[in-house]
Amino acid sequence: MTCLVRRLRRNEPVLLVAGGCRIGLTPEFRTLVLLPPPVMLLLFLPPLLY
């Protein structure tokens, strides 16, 4: 990731957001469900709030 950031001369968070948006808008990934939403909430919300 670092060499891509240096090559494109952009901030790393900007590239991460752009990549996440690209993945989120890809039709194949819209139907992908790994865990139910309540489980995702319990796993990821506490570390984000901490």
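Quick caveat, the model's predicted, so the values are computed rather than measured. All residue numbers refer to positions in the sequence shown, counting from 1.
Both Leu49 and Leu41 belong to a single network of hydrophobic side chains, linked directly or stepwise wherever heavy atoms of I, L, V, M, F, W or Y lie under 4.5 Å apart.
Interatomic distance, CZ of Phe44 versus CG of Leu35, reported as 7.5 Å (0.5 Å rounding).
Using a 4.5 Å cut-off on side-chain heavy atoms (C-beta onward), Val39 and Leu43 make contact.
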